Amino acid sequence: MLRLKKEETSNHCPYCKGEGYFQLRLGGSETCNRCNGSGKK
């Protein structure tokens, strides 16, 4: 996993870690409801 500077991570959605989606345990993915898939706050 890459380490990012605080300035780069400050505008990322903390729930999905800026990815815009969650990996589901049973397979597949689900869009993050907090940022609507944008990956930003």
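Everything numeric here is computed off the predicted structure, so don't read it as measured data.
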Revision key, fill the gap. Taken to the nearest 0.5 Å, the spacing of N11 CG from K41 NZ works out to 8.0 Å
Going by atom type alone, with no hydrogens or angles, which donor-acceptor pairs under 3.5 Å involve a side-chain atom of residues 26-36 and a protein atom two or more places apart or on another chain?
none

Point to revise | Residues clustered with F22, ILVMFWY side-chain links under 4.5 angstrom | key: Y15
Point to revise | Nearest-0.5 Å distance, NE2 of residue H12 to NZ of residue K17 | key: 12.0 Å
